[in-house]
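Each chain gets a letter, A, B and so on, in the order the sequences are listed, and its residues count up from 1. Please read all numbers here as calculations on a predicted model, not as lab measurements. These values consider heavy atoms only, across backbone and side chains, with no hydrogens, waters or symmetry-generated copies.
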Amino acid sequence: MIETVKAQDKIVDKFQPCMEMGAVMAASMVDGTVVVNHGPSGCSISNTHFRSNNVPDGTNVPIFHTAVQQADLIYGGTPKMRDRVREVANRYKGRADAIWLLSACATSMVQDDLVGVARQVEGETGVPIIPLDTPGFQGGYRLGAQMVYRALIDRFADKSRKPQKGKINIIGHHMMGSRNMIDDTYEIVRLLEAADVQVNVHLTFNTRISDLERFCEAEANYVLTPEVLPDFEAVTAELGMENWGTDVVLPYGLANTEEWYLKIAERFGDVEKAKKQLKTDMNRVRRRIANDYNASWVMHDVAGKRVGVLGYSTFAAAMARYLFFDLNARPAVVGLWAETDRAMEVAKKQLEEIAPYVDMKVLDDPSYYQYGRMLVEENVDFAIGQKNDRTLVEGLKIPHLGLGGFYYFNHFTFIPWPYAGVLGTLHLLTEMARVTDEVKSEKGGWIARSYIKRDTPYDEIVQAGFRGCNPTL
Amino acid sequence: MALEGYELRRLSEVLEETPPVKAQKQIEEKFPAAWGIWCRWQWMVTLTGMLDDIVVVVHGPLGCEASGRVFHGIHFEEHFGLPFLHIPTSNMGNKQVILGGEDELQETLRRADREYHPPLIIVHSNCCAGLNMDDIPQAIDAVKDEVKAKIVFIPSEGFSCTWTGDVAELNVPLYTQIMDPPKKVDPKAVNIIGLYKDMFSGPGMPERKRWDPVYPTNAHELARTVEGIGLKMHRALFGGDYEYFRTAPEAAVNAIDCTCWGYPLAKEMQKRFGTPYMKHGKPIGVETTIRWINELAEFMGVRDEAARFINREYDVIKETWEKARQMAKGKVALIDGVRMVQAAATRPLAQARFAMELGMTPYIFEMHPLAVKAKEETMRYFISDGVDPLILFGPYAEQKPLSAIQMAELINVDPHDVVYMHNDVFAYARADAWDAANVPIVDNIGQPFRRTKCRPRDVGFRGTEGMARDVIAAVMAAERKDDPRRRPTLYGRLRGSKSFDFELQG
């Protein structure tokens, strides 16, 4: 049974990167482009960190900034922006396919002239410059990302191209919610191609500006997020393109993957080929772990456990379903974060399938405080979230596993293997082994009853003059 | 051309030749292209985050919270033990930006007080709240009778200052609003101030806030020193809960850990509460530590205890210290003022002083002249203490990292005769020319920058011993330089163009 708990009234304390961050993330996945942030240096360094999400095995787009100061905001930062963009355009002339010019809250509020500067410098240098007004106060991450999609389509898509059956564009990779987005995308593409679904253009994932020419050759856009993407949806409506899949579960775990794969194959490809691929992948998984006592341990470690989940709406929903369907665990607390009602409703609908069989508190856009309190009340064994909430959760003495969020500072796995798909279950199970190792380990006993003493209380160290606290020194 | 536009200048000369940090026009002429990293908001929220049992209310849009949580939140909380910070925001949107968001701020304050029950709420403003000129003090005043928590406003608009600027000087004094004038002053009590990011968990902390850290901080070592000379540890700031912070002025004196963070607080506490402060800070090295102790001991009248402590402690580390001196003497200490940020000031100079004690000649690069200028009081302190090293003065455009090899060429020193002290997780490396296999690279002072158990990061006798031990280890590791199978590190091979021995030797 699902019990929905509403957000704390007027308390907004959640992880929701801003519009500019979303734009940077999407733009910096367009290979051969350069980003100029027109804003204070703090925005730029945050954007540079977020951009790291795209680096592993992907692209590394340069980010420059104008680092506006107080005087620029008083007298206007347009001249500084013009100088900066001109300098970058001249430096990258002949090498960059486009320059993104993005505003922050401060420069948007004083209405520095992005469009005028872009026109002027593009005219001077011939480098396409794409100005986007992306202040954080206008909204969250999805808005910035979808402005980039729209700009790419407006400017570079050849609208005369005709749709071809079996070709789809993939949209919204950065909004899937997985910290393993890059390898998940590779796996999604591999599976689609195995079912005769051809991926035409990614918005955005190692995208080249030249890819955009064929954007309209897709018969539909497979949109990985249920969030409302107003500008993108408007332009695709104008083009008569279908946006498909916003309500389809993400392919994490066996049950979710099967549902996802067969739906998408049925709509765009070959269901029989999809089934064959599922069996092939399952055979590989079976060979690896079916007779492996360690894997049996892990699956039994997780089974029956009460788990908290916090994350981006459909990613959290997919995780909750994975925990219940694949592992027979109990997703007791599920915190769903979303920017729009549609995303929240889709995630809740995806949870409805398990609702009759498990008691589950679903938190509607919770604050960290509300989520933390609920984990305590529901006495969970461990929690799945992202690195940002680890200290909240482990501060409550609850083991934590970060699977969501962005790559940067969040995902220190350098082995290229997905969470998504049937093969991804091996990675997910490995992650489960990490957290259940924490759940079941009685470390207090090891320390209290260790024959060799290493830890000595601070006061004793002081009395001992710091010597003798560690016999190994 | 190598390091075009750069030259070696004494610290004192750089200080004179760099325009004041607020002289934006002159600065932009001298240091073209963007400079500055992080912003005032990020600094201040992370500083506030060192306090326990408080709630931060951010007046502004939600996105800044994510920027705070993505790096600082994770790094500071996970690796230093800062508590998870609850940051309800007023969630400004278009409407509040245009029409003002004071009502939303007031409502957020009421709700935060009612639901979180904190003793203290600190309000931080970001760019939007600064630009639309919401009257935040007035908004706070309007709800103060409805709210049980004490509310303190620390302005922190991102555009108003960068990490390279004078953010500590601007903001740290404002935190004395949290403090009360002392009802009594304990003549034996000492505060250690100037902590940023390092969480103290030792004496003076309430019992439930104490823990035995995996990595003792510098404050742990300084507190051990304070107690070792017969004084009483009172407060280590920033840190602790409201009650702990509030009562800091009950100490007889403020002793300094990091001068950049410590002086602004010390000066304001002296002004508001009459608390005197010591001059010496960041004591890395034996003689420096002795000066730090003696200054405090003389002021507090415990010279005999201090002499006994110094003799006892020096005996413990003497062997390591002498060995390090022997191995390092005559070398060049090439100190990286934080490769990607270039905004550190106290630590590179403290390392230079340490290097001088070991008989090395220090050179500093990648320390932005603006960071030097912004921390003028710290610079003057080091110069007065005989530390006026040559530093690389130049434009530092984009704050792009420079080549350590080119720096060595400029100094005209063989890389093997260098001890390279980097201060982050981006050490310069190029296999095979510049790698731990042939250049002594001191690693434990970078971002992980601590030593497990018993030794702090770098200060005091134990920190100095740790530093000396790392210098010995770095020099030893680089002794392989003449071995054809010296085998550079993975890190160096990744950054160089050649990866394998057959390429490097070919």
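Interface remark: Val393(A) contributes no atoms to any contact with chain B (heavy atom separation under 4.5 Å). Glu20(A) does not touch chain B: none of its heavy atoms, backbone or side chain, sits under 4.5 Å away. With a 4.5 angstrom heavy-atom cutoff, Glu78(B) touches chain A via backbone and side-chain atoms both. With a 4.5 Å cut-off on non-hydrogen atoms, Glu77(B) touches chain A through its backbone and its side chain both. In this structure, chain A has heavy atoms under 4.5 Å from both the backbone and the side chain of Asn132(B). If you measure heavy-atom distances from Lys14(A) to chain B, the contacts under 4.5 Å come from both the backbone and the side chain. Residue contact with chain A, scored on non-hydrogen atoms closer than 4.5 Å, involves the side chain of Asn91(B) exclusively. For Phe64(A), the part lying near chain B is the side chain, with the backbone staying farther off; criterion is any non-hydrogen pair under 4.5 Å. With a 4.5 angstrom heavy-atom cutoff, Ser44(A) does not touch chain B via any of its atoms. Proximity to chain A (any heavy atom under 4.5 Å) is restricted, for Glu28(B), to the side chain, taken from C-beta onward.
In this structure, CD in Gln370(A) is found 8.5 Å from OH in Tyr116(B), a value given to the nearest 0.5 Å. In this structure, CZ in Phe137(A) is found 14.5 Å from CG in Leu62(B), a value given to the nearest 0.5 Å. Separation of atoms SG (Cys43(A)) and CH2 (Trp41(B)) is listed at 10.5 Å; rounding is to 0.5 Å.
Dense packing is recorded around CG of Leu494(B), with more than 12 heavy atoms of other residues, nucleotides or ligands lying under 6.0 Å away. The number of heavy-atom neighbours closer than 6.0 Å to NZ of Lys209(B), taken from other residues, nucleotides and ligands shown, is above 12. Glu398(B) CD: more than 12 foreign heavy atoms inside a 6.0 Å radius. Other residues, nucleotides and ligands contribute at most 12 non-hydrogen atoms within 6.0 Å of the NZ atom of Lys95(B). Atom CD of Gln111(A) sits in a sparse spot, with 12 or fewer heavy atoms from other residues, nucleotides or ligands closer than 6.0 Å. With a 6.0 Å radius and a threshold of 12 heavy atoms from other residues, nucleotides or ligands, Arg86(A) has its CZ atom above the threshold.
Looking only at heavy-atom pairs under 4.5 Å with chain B, the residue among Gly372(A), Pro135(A), Ser46(A) that has the most is Ser46(A). Annotation: maximal heavy-atom pairing with chain A below 4.5 Å, among Asn126(B), Leu82(B), Val70(B), Val55(B), occurs at Val70(B). The greatest number of non-hydrogen atom pairs below 4.5 Å with chain B, out of Thr48(A), Asn47(A), Asp72(A), is found for Asp72(A). Of all the listed residues (Cys128(B), Cys127(B), Pro32(B), Gly73(B)), the one sharing the greatest number of non-hydrogen pairs under 4.5 Å with chain A is Cys128(B). Contact count versus chain B (heavy atoms, under 4.5 Å) is highest, among Leu73(A), Val68(A), Val110(A), Ile74(A), for Leu73(A).
Between Trp38(B) and His49(A), the ring centre distance stays below 6.0 Å.
Judged by distance alone, the side chain of Asn388(A) and the main-chain N or O of Arg69(B) form a donor-acceptor pair under 3.5 Å. Between the side chain of Gln42(B) and the backbone N or O of Gly42(A) there is at least one donor-acceptor pair closer than 3.5 Å. Of the possible donor and acceptor atoms, one in the side chain of Asp13(A) sits under 3.5 Å from a partner among the backbone N and O of Ile87(B).
Checking Glu115(B) against Ser367(A) by side-chain atom types alone, no donor-acceptor pair falls below 3.5 Å.
Side chains of His75(B) and Phe409(A) form a contact here, defined as non-hydrogen atoms less than 4.5 Å apart. Taking 4.5 Å as the limit, some side-chain heavy atom of Cys105(A) sits within range of a side-chain heavy atom of Pro61(B).
The two atoms that bring Ser160(B) and Gln70(A) nearest to each other are CB-OE1, 3.3 Å, heavy atoms only. Between Ala112(B) and Ile11(A), the shortest heavy-atom contact is N-CD1, 3.8 Å. Residues Asp389(A) and Phe84(B) approach most closely at CA-CE1, 4.3 Å, considering heavy atoms.
Ring pair His86(B)/Tyr369(A) is perpendicular by interplanar angle, where above 60° counts as perpendicular and below 30° as parallel.
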